Number of protein chains: 2
Amino acid sequence: MRRGGGKSTYDRILDMALMLFSEKGYKGTTMRDIAAKVGIRQGGIYNHFKNKDEILEKLVNDMMKSSALLSLFDSLDADPQSYTKGKSVLSKIATTFKLLSFDPKNEALFRLMIQELFRNQTVRDLYYEKFYQENVKRLSSIFFRMMQDELIKSSDPLMLANEFFSPLFFYQLQVILLKTDGKSTSSAVTLFEKHVDIFWESIKAGNDYGGRTSTLF
Amino acid sequence: MRRGGGKSTYDRILDMALMLFSEKGYKGTTMRDIAAKVGIRQGGIYNHFKNKDEILEKLVNDMMKSSALLSLFDSLDADPQSYTKGKSVLSKIATTFKLLSFDPKNEALFRLMIQELFRNQTVRDLYYEKFYQENVKRLSSIFFRMMQDELIKSSDPLMLANEFFSPLFFYQLQVILLKTDGKSTSSAVTLFEKHVDIFWESIKAGNDYGGRTSTLF
DNA sequence: GTCTATAGGAGGATAGAC
DNA sequence: GTCTATCCTCCTATAGAC
């Protein structure tokens, strides 16, 4: 560890490795590439990591602990009032997705995750349990409570969660792809809000009073 | 070319390379791996391809020409009656997505595409123009015609296309991931139909006659 | 067209001086 | 902890016999 805000070599290796892995893939990145970015010689990395795999493992394990999305869910859970607001909760979630697309660290993690999804069992398990299942479960309980409060129509909360989540994931992929090519993201960015608008209109408890959209609770 | 239905070595190299690339990634696959699967020696591949890159290029270029989804759109365009059926058109598209998840060749292409998306400019261009843009544009024109026929509510066709497409893409990813781990896909498979149900309910021209859902056409 | 053999190089990892 | 030097393995690609 170095003092004065400077990062330790260990941390710098992780940072640079993440950037390189996310750009060129794990196999496409050499220890020499990483060392060069860090500013040390290739052999120097082995003072901090046993081998290349250990760097990837450490990065993958850190993914779990740094989910800005789950933090948001936690803060929503802590505030019982939040569920009564209905659409604004969904907007907050969509906005978080949008902002994460522009966070360099999250972008790199996303790219790494996608690239290693089929090649790496650990990444796949992590994606499925901690990213997909966890987020959909959290969303599901939000929709369930909204149904209880008769804010939205009664239906399958888990299915709603899937339907709300999947476009957000997809739009984030689009934004990150556009950024990769240095293209404008302006049109893709509007998709997040529009998704919330369309989705909310389709689930909200009937403005069309007396319609077939009665809640069963 | 060999006679009698047997595939040429050239084609077998492409087939095996696609399978291996989709499992272990381009960089993670060696020429020896490919040769072993084909049943020839490593050097023999160079009688058919200049180098490893040329195999990938050929595979990538073939992706364009083999889109079962675009074939479906073409057949829909050829049948003017199809649009009047409304929901069944969407079901047909969703079912195609679902079936493609279980087509080995499509699955391999999907995996290859995802893995190379960030690493390979050509794959990225292809994904964006031929896969994303093209499909969304086709969907968009379907929704536009449905609006003209007052089958569905009036709104932005392009946005509807995005909202309809993105869950299908996402669910296909889930199915393929589950298959990768040999897990059951039964729960994921139902998502396709449920998506169509939910989506159609949210866009169809009002059953609630006289509501705020009037079409503007 | 496929084989063997090999060139040529890149990449991961270690040893030992400082 | 970082450096230099080196080892060794693995890989792509080529040359030439069959």
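Computed from a prediction, not measured in an experiment: that's the story for all the values here.
- Salt bridge status for B:D125 with B:K130: absent, with no side-chain N to carboxylate O gap under 4.0 Å.
- Taking a cutoff of 4.0 Å between a charged side-chain nitrogen and a carboxylate oxygen, B:E193 and B:K98 qualify as a salt bridge.
- In this structure A:E54 satisfies the side-chain contact (heavy atoms from CB on, under 4.5 Å) test together with A:F49, A:K50, A:N51, sequence neighbours excluded.
- Look at CZ on B:F49: it is 12 Å from P on C:dG1, rounded to the nearest Å.
- The distance from the CG atom of B:D33 to the NZ atom of B:K37 is 9.0 Å, given to the nearest 0.5 Å.
- The CZ atom of B:R41 sits 16 Å away from the P atom of D:dT12 (whole-angstrom rounding).
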TODO: Quick one, give me the B/S/- string for nucleotides 7-14 of chain C, reading 5' to 3', where B means a protein heavy atom under 4.0 Å from the base and S means that only happens at the primed atoms, P, OP1 or OP2.
DONE: ----BBBB
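- Atoms CD and NZ, from B:E163 and A:K194 in turn, are 10.5 Å apart once rounded to the nearest 0.5 Å.
- Look at CD1 on A:I45: it is 10 Å from P on D:dC3, rounded to the nearest Å.
- Spacing between atom CG of A:D11 and atom P of D:dG1 amounts to 12 Å, rounded to whole angstrom units.
- Considering B:F199, B:W200, B:F97, B:F169 in turn, B:F199 is the only one that fulfils the ring-ring contact (aromatic ring centres under 6.0 Å, His included) rule with B:F164.
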